[in-house]
Amino acid sequence: MTDGQENDPSDSLSGGPIDFDRLDAIRERLATDDRFTKIEEQPAFAPERLVCRYDQQFYPERVRRARLEIVWFENGDFSLHYHEAHETTAFDHRWDRHPSNHNTRDHIHPGPDAPTPGDDTTHPTDWRDVLSLALSEIEARQHGFWTK
């Protein structure tokens with residue numbers, strides 16, 4: 001996690017180099033998506049990541065900011081980390097594919113606190129399907145704020 005907190009060390013266990021071409025393709029795909037106000041490539045605090053900041057209109061006032069951080073490796077491993085900063089708490093959820101001593105290669109660390117170990121799962125093979133899955137789950141969460 002960023003914002004001054006430590007990243008989960010498991011994110012660096014892929015063993016593969018960062019796939020900057022894949023991150024460029026994801027950036028191009030999300031750059032025209034109105035749900036994001038800013039997309040940062042290789043920010044100083046996370047040079048291996050793409051950081052996508054959500055538009056606040058999708059959230060009630062108690063959610064101060066939200067973002068999706070994406071890291072992708074040339075061997076197909078990845079970590080997508082969704083983070084919401086609330087008035088007094090936070091919500092974190094991660095979709096991961098990487099070697100792990102706490103879970104199978106494909107796993108999630110579910111919200112609200114993305115615990116380790118997480119839950120074993122199976123992610124789609126194609127990166128576009130993985131991205132769509134994560135974005136759909138985030139969108140369902142956003143809708144949940146307004147339908148309660």
key: Heavy-atom closest contact (D129 atom, P124 atom, distance)   = CB-CB, 3.4 Å
Nearest atoms (heavy-atom pairs only) where P110 meets G118 =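 For P110 and G118, the tightest heavy-atom pair comes out as CD-CA, 4.4 Å.
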key: Criterion side-chain contact (heavy atoms from CB on, under 4.5 Å) on R35 and L135, from CA distance to verdict   = CA-CA 10 Å; R35 72 185 108 187; L135 292 173; 3.8 Å; yes
key: Aromatic ring proximity, centroids under 6.0 angstrom, F78 and F73   =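 Not under 6.0 Å, so no.
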ask   = Under 3.5 Å, side chain of H83 to main-chain N/O of A90, donor-acceptor pair present?
value =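 Not confirmed, H83 side chain does not pair with A90 backbone.
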query = Is it true that a side-chain atom of H109 and a backbone atom of P115 form a donor plus acceptor pair closer than 3.5 Å?
reply = yes
message = Does anything in residues 15-24 form a side chain to side chain donor-acceptor pair (under 3.5 Å)? List the pairs, not counting sequence neighbours.
response = none
First locate atom [atom1] of [X], then atom [atom2] of [Y], and finally report the distance between them rounded to the nearest 0.5 Å.
X	Y	atom1	atom2	value
D77	I18	CG	CD1	10.0 Å
D119	T104	CG	OG1	10.0 Å
D126	L131	CG	CG	10.0 Å
I70	E48	CD1	CD	12.5 Å
D34	Q57	CG	CD	8.0 Å
L80	L133	CG	CG	9.0 Å

In terms of ring plane angle, is the pair [X] and [Y] parallel, tilted or perpendicular, where the classes change at 30° and 60°?
X	Y	result
W127	W72	perpendicular
H98	H102	perpendicular
Y54	Y59	perpendicular

Are [X] and [Y] side-chain neighbours, meaning at least one heavy-atom pair lies under 4.5 Å?
X	Y	answer
H81	H93	no
E61	V63	no
Y82	W95	yes
R64	E87	yes
V51	I39	no
C52	R67	no
H86	F91	yes
D96	N103	no

inquiry  = Is there a salt bridge (charged side-chain N to carboxylate O under 4.0 Å, His left out) between R141 and E84? Walk through the geometry before answering.
reply    = CA-CA 11 Å; R141 177 164 171 79; E84 293 170 4; 2.7 Å; yes
Could you check whether [X] pairs with [Y] (Lys NZ or Arg NE/NH1/NH2 to Asp/Glu carboxylate O, under 4.0 Å)?
X	Y	answer
R97	D106	yes
R27	E41	yes
R105	D120	no
R49	E40	no

